[in-house]
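What follows is a single structure, written as C-alpha cells, with notes after it.
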Protein chains: 2
Amino acid sequence: MSTIAKALKLLELFSETRPQLGLSDAQRLTGRDKATVHRHLVALEAAGFLEQDADSRAYRLGPALTRLAGMRARTVPEVEMIRAETDRLSRAAGELVHISRLHGFDLVDVYHAEHHDHPVRVSFDAYGLPPLLATSSGMAYLAFSSRHLLDMAVADQRTWVPGGQPPDPDSLRGDLAAIAQRGYARNRDSLRLGVSSVAIPLFDAAGRAVATCSIAYPTSRGGKQVEARLARLLMQSGAALSAAIGGTVPADLHAIWTPSHERAAS
Amino acid sequence: MSTIAKALKLLELFSETRPQLGLSDAQRLTGRDKATVHRHLVALEAAGFLEQDADSRAYRLGPALTRLAGMRARTVPEVEMIRAETDRLSRAAGELVHISRLHGFDLVDVYHAEHHDHPVRVSFDAYGLPPLLATSSGMAYLAFSSRHLLDMAVADQRTWVPGGQPPDPDSLRGDLAAIAQRGYARNRDSLRLGVSSVAIPLFDAAGRAVATCSIAYPTSRGGKQVEARLARLLMQSGAALSAAIGGTVPADLHAIWTPSHERAAS
DNA sequence: GTCCACAGGTTCACTATATGAACCAATAAA
DNA sequence: TTTATTGGTTCATATAGTGAACCTGTGGAC
C-alpha cells in the first residue's frame, strides 16, 4: 500500500462519534508504528488536511478540506459528481440505476446508468415523467419530506397512480411511515407490470430531500431476496450519493442505512 | 519533501480557471516525473480525493473531499475552525486580531488572538460592542452587504459614531463603495483616539457577508505603510478565513485580495 | 513528595518504497 | 506516412519511509 493511501486512510478515521483523535488513538486504530503515524499526521497537518488542537494536541479535520470541497462544488457540475457513484452502484447491482430530481411534482431524469449482463432488462423512457405517488422514487422522496408536501401532492391529480383509485391520505401516511422506518421505498408491478424498483432519497447540505436514486429490475428476477440485496446496495451508496452533491444524510436515517457493525468498523 | 506532501500539493493545482487537468498538465505544473505524478494521481483517485473523467481521462477533485468537509462542518465548532488561521494571522501581523459576528446590529466577539512582542498594545474589551458605523469591521461588513441593510443601520441610532454627527447616507455610500473597491475597511482614531484598525468581511457558503476579521493597532505604530502591510496580511488570509467557516469569497473581491501574479503562481 | 502509566514526540540504522529514464499504445494533426 | 501529442507502464536504482528504542511531560495513586 502506498504511503499516500496510508496517510489518506487516517482521514477516514474521523467520524461524528470520533471527531478528533490523538497520536495514540490513530496508532491503535491503524496498527501502524507510532513514528509512522506521527509523520503522516504532521504531513496532513502541514497541508491543512488536519489541524491540531493547541491544548489537547489532538488532531481534527482541517480547513483545506472545506476549501477544496468548495472548489469542487463550484467547478464540477452536479451530474458529474454523482456519475461515478451511480455507475459503481449500477455495476454492483447489475441493474438500471436512476437519479431523479423533483421539479414541482415531476421527477426528471438527472442521470442513469445501466451496467448489467442480464439478457432481460428493464426498458425505460427518460422523458416518461411517471407520477409521483406511483413510483418508489416519489414515495422515497415524500417519506422524508414535510407532511405539507404530501397534502399538496394528494391534491394534485397528476401525481396519482394512473387508472387507479384516488389516493387515501391516511393510508398513504402509513405507507410513508413504513418507508421512513425501513429506509427505502419499494414498488412491485404497481406502475408497470413486470417492473419492480427500490428507491432512496438524496439530501442537500441542509438535510432536505432534493433528489432520489432508484434501482429498477424485472419482477421476474426474483422476490424478497433480490429486493433485499438491491436495497442493501442502494442504502450502502446512500451516504456517498448525498455527499457527492454536497449534502448530508440525517442522522436517524443514516443509522438505518448503516448497520451498527459496519459503523463500528469504520 | 514527503511523498504525502507532494501528492497533496497536486490537489492545490485545481482552481476555478483550471477545474480539471490531465496527466501531462500535472506533470508540467509540478516539474516532477510523469510516472511519479501518475502514481500520485492514481493514489488520490483510489482514496476518492480525485476522480477521473471516463472519456477525457482528465482528473478533477473527488467526492471524498465533499464528504470529509461535511464531516468537519458537523464535528468542528465554528470557533475552532477559524482559531488556527486567526492565530496564524495574529502572529504574522504582531497585532490584535479579532473575529466578530453580527447579531442584529451588534458586533459580537467570536474569537480574538493577540500574539505580539510590541511593548505598546491595543487594549480592548471583548464585551464592548462598538457601534457598527464607527468600526472598520462594521464598515467592512456593510460594504459587502445589501443597500437595504445600510438604510436600516442608518435609521438605528445605536449604530452611529458616539458623540458624532448623524450619519449622512450619501457620503456613507461613497465610503462603502471605496471600501468595496479597496478590498478592506480602515479606521484611524475615529472610535478611540490612538487606535487604528483594518478589517475585511467573512463570507458564508452562499457568498453573503456573515462576520468580520479586523486587525487593531496603536496609531503610533506608523502611517500608511503599516496600514498597507497589515491590510495585505489581512487580505491574504481572507480566503482561508471564509473557507474555514465553510464559505467562499465572491470572485470579484477575491481578485482584489489576490494579486494577479500570486494567482498565476498557484 | 515518589512511583507508575500513558501521553506526544524524536532518533537513527535499515530496508521497503518511491522514483525516473526508457518504454509502449493510441490519437490527432502535418 | 511521419511527427507530436496524449495516457500509461516497466524495472533497476536509491531515496524516502519505517519502527524499535528513546526522551519528556503530565496526571493520577499512594
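Throughout, protein chains are lettered first and strands after them, A, B, ... in sequence-line order, and every chain is numbered starting at 1.
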Only distances under 3.5 Å count here; give the side-chain donor-acceptor pairs of residues 1-9 of chain A to other protein atoms, sequence neighbours excluded, each with its distance to 0.1 Å.
unit_1 : atom_1 : unit_2 : atom_2 : d
A/Ser2 : OG     : A/Ala5 : N      : 3.0

Practice prompt. Could you pick out which residue, B/Asp33 or A/Arg28, lies toward the 5' side of DNA chain C when each is mapped onto its nearest nucleotide?
Written response: A/Arg28
Worksheet item: Are any side-chain N or O atoms of B/Arg74 and backbone N or O atoms of B/Gly70, one a donor and one an acceptor, separated by less than 3.5 Å?
Response: yes
Worksheet item: Would B/Trp257 and B/Ile200 satisfy side chain to side chain contact (heavy atoms under 4.5 Å, CB included), going step by step from the backbone distance to the final call?
Response: CA-CA 10 Å; B/Trp257 283 356; B/Ile200 56 167; 3.6 Å; yes
Worksheet item: So, A/Asp25 side chain and A/Gly22 main chain: donor-acceptor pair closer than 3.5 Å or not?
Response: yes
Discussion item. Can you pull out the residues from residues 34-42 of chain B that lie within a 4.0 Å heavy-atom distance of DNA chain D?
Written reply: B/Lys34, B/Ala35, B/His38
Discussion item. Please report the end-to-end axis angle for the helix from C/dG1-D/dC30 to C/dA30-D/dT1, five pairs per end, rounded to 10 degrees.
Written reply: 30°
Fill in: Outermost nucleotides of DNA chain C that come under 4.0 Å of a non-hydrogen atom of chain B
C/dA18 to C/dA21
Fill in: Trace of the side chain to side chain contact (heavy atoms under 4.5 Å, CB included) decision for B/Tyr184 with B/Glu227
CA-CA 11 Å; B/Tyr184 68 97; B/Glu227 180 196 302; 2.8 Å; yes
Worksheet item: Can you list, by residue number, the residues of residues 49-59 of chain B that have a non-hydrogen atom closer than 4.0 angstrom to DNA chain C?
Response: none
Response to the item:
So salt bridge (charged side-chain N to carboxylate O under 4.0 Å, His left out) across residues 197-209 of chain B, not counting sequence neighbours, yields B/Asp204-B/Arg208
Worksheet item: Over how many whole Å does the gap from B/Gln27 atom CD to D/dT6 atom P extend?
Response: 9 Å
Discussion item. Keeping B/Asp106 on the side-chain end and B/Val108 on the backbone end, is there a donor-acceptor pair under 3.5 Å?
Written reply: no
Worksheet item: Is A/Arg83 salt-bridged to B/Glu51, going by a charged N under 4.0 Å from an acidic O?
Response: no
Worksheet item: Just by distance, do the side chain of A/Glu45 and the backbone of A/Leu50 share a donor-acceptor pair under 3.5 Å?
Response: no
Item to complete: Take the protein atom NZ of A/Lys6 and the nucleotide atom P of D/dA16, then report the distance between them rounded to whole Å.
Response: 16 Å
Worksheet item: Can any side-chain N or O of A/Arg72 pair as donor or acceptor with the backbone N or O of B/Thr66 at less than 3.5 Å?
Response: no
Worksheet item: Is a side-chain donor or acceptor of B/Thr30 paired with a backbone partner of B/Gln27 at a separation under 3.5 angstrom?
Response: yes
Item to complete: From the options A/Ser237, A/Ser90, A/Ser242, select the one residue that forms a side-chain hydrogen bond (donor to acceptor under 3.5 Å, both in side chains) with A/Glu85.
Response: A/Ser237
Fill in: Side-chain (B/Ser214) to main-chain (B/Val198) donor-acceptor, under 3.5 angstrom
no
